[in-house]
Amino acid sequence: MITRRNWLLRCSIFANVIVLLYICSHVMIGNNNSNNISGSNAFFIQPSSNQQSTQRSQAQLYQEEQELASILHNKELELQKHLKMQEMQNSENTKIKESDNVKLSEQLPDEESRFEIPTDQSSLQQQQKSDVLFTDTNGNNNNNNSELFSTQSNDLETKLKNILNCHTKDYEPYVEQRGDFWVLKNYIRAEHGELKCYETITYTTHADFTFLDNLIPLLERWNAPVSIALHAPGSDFLPTINSIKYLRDCLPESNLVRQFVTFHIYFSSKHVPKVVPKYDKVLFPSFNCSLNPPFFNATSAQLYKTQKKLLYPVNVGRNIARDAAMTHFILASDIELYPNPGLVRKFLEMIARKGDSWENNNPRVFPLSIFEVDSTVAVPRDKTELQELLRTNKAIPFHKRVCASCHGVPKSKEWMAANETEDLGVFHVGKRTGFFVHWEPIFVGTNVDPHYDERLSWEGKSDKMTQGYALCVLDYDFHILDNAFLVHKPGIKVLKKDPKRAVLAAKTNQLIKKIIYPELQVLYGTRKGCAV
Ligand SMILES: *[C@@H]1O[C@H](CO)[C@@H](O)[C@H](O)[C@H]1NC(C)=O
Ligand SMILES: *[C@@H]1O[C@H](CO)[C@@H](O)[C@H](O)[C@H]1NC(C)=O
Ligand SMILES: *[C@@H]1O[C@H](CO)[C@@H](O)[C@H](O)[C@H]1NC(C)=O
Ligand SMILES: *[C@@H]1O[C@H](CO)[C@@H](O)[C@H](O)[C@H]1NC(C)=O
């Protein structure tokens, strides 16, 4: 079976080469009668007015060749991947019935085949079968309550696919080491299956189980994939798993958790839990839903982590969650920060609208304005509601009373004064210099952006400063979004004296100044106006 598929797929690669050569020869000769080509090969993207023009410029010819070559290259990579997956499927998953395969492949939307290079029918079918089998063994593609899989999105997706030119990542559970930590990557996976990297945005975050009460309110607003790294050393492991089971099974909103959230677990190699089930056993037996979840009224005092006086390795978690995200765009955030609903869709529409018409080639990220609201009010759903709360002092800019300069956003007064508009756009392009030299922005970015320094802990503070420095030196532009914002879980923070944390913070500052900062200067260089 494997060798037959192998053979078919190789044949199809060969056929692709032939098709490419055929098309190239047409292009070279300048044959404009390309109706039959674009008719049968929808991947051959070309404005139809061009078909009438008599001569193409050399540049166009060259560009088209390049496009074709890159399509073919991607295609080959995809085919190789399919081969690998089929082998895995065959060895692991022989139970899936042939009749199911056929049913699933019939449900394939047109979009799936739009970019296929036509080959002989049989190999194409083989390929589609494995696509579906692999991405969606649960047949879960019919959720209409999500930012994914919407029929209207086909046009948008095509544009984004071309603009972002990103690569789809794998989605396998994997045990890996990261410095002193063991990581159970993709330990409990969302049921969305493999994602196309351009179709949505991943909210990446970190927590211990006592913060998991934030997950539902977050999902109700975000309604898109979440990649979360949970710190679960020693006996924190079991309540962590039970919390996940509870969230996935026991709530009216559990379908959101199952659909969207992928959980990774990590712990220090000095604090390995007594028992760690394999990823395919971990959800059994299920949680007794008439019991309270472990995070109910939980405090950090009862954590194993606290009793053993461990620090919270915030940046290890942040980096794990980021690296596991399957989408091009990520929003690396803290779990208590809830975005306004509709952000994913509007952001992607903005990216598609902009295309490559940005004013310069500087690297860019898209910071969100952040607010705190009074514990007595509901989290605002749009900017207009937010402004009403700001007027009545029920909302304030984030950490205004704790560390104003860490979260001060350029042009924030103007931002708060400006009325909400229909689409999402860029309000102001700022830099992390001058008054904002210590800004710790939270933004929609990509995995190309510098990571967080894993030597820094939450208790030691300044945990995002070194990333901020790297962004500044690399000359990032901060495209502050106009109608997008984050709101902290209700309850306005006041400055509390914590002498132990102050000692740690002082040590951290020394670590940054004496050790990390010189390293960053070597690795990223220096730039006038940038500081950690
Ligand atoms: C689709 O959405 C409608 C209204 O929001 C809802 O009633 C229906 O159950 C949903 N269908 C599915 C398959 O989720
Ligand atoms: C679940 O918990 C409830 C309340 O403690 C208990 O009465 C019930 O027997 C439990 N069910 C199972 C299946 O253990
Ligand atoms: C949980 O916390 C709430 C408010 O903090 C309190 O009213 C309630 O009694 C607590 N419940 C338990 C079982 O401790
Ligand atoms: C903002 O909206 C308010 C209420 O809708 C309106 O009165 C005001 O003129 C608007 N301001 C601007 C600058 O458009």
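Atoms within each ligand, like the ligands themselves, are counted from 1 in listed order. We're numbering straight along the sequence, starting at 1.
- For the pair Leu481 and Leu424, the minimum side-chain heavy-atom distance is below 4.5 Å.
- Counting only heavy atoms from C-beta outward, the side chains of Val377 and Pro490 never approach each other to under 4.5 Å.
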Counting only pairs under 3.5 Å, give me each side-chain donor-acceptor contact of residues 330-339, with atom names and distances, residues two or more places apart or in other chains.
from	atom 1	to	atom 2	distance (Å)
Ser333	OG	Tyr203	OH	3.0
Asp334	OD1	His206	NE2	2.8
Asp334	OD1	Arg318	NH2	3.3
Glu336	OE1	His488	NE2	3.3
Tyr338	OH	Asn214	OD1	2.6

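- Under a 4.0 Å criterion applied to the non-hydrogen atoms of Asn419, ligand 4 contributes the atoms 1 (C), 2 (O), 3 (C), 8 (C), 10 (C), 11 (N), 12 (C), 14 (O).
- A heavy-atom cutoff of 4.0 Å around ligand 2 is satisfied by the protein residues Asn288, Ser290, Leu291.
- Electrostatic pairing of Lys305 and Glu459 counts as a salt bridge here, judged by a charged N lying under 4.0 Å from a carboxylate O.
- Side chains of Thr202 and Thr327: a donor on one and an acceptor on the other come within 3.5 Å.
- Residues Pro273 and Ala232 come closest through the heavy atom pair CG-O, 3.9 Å.
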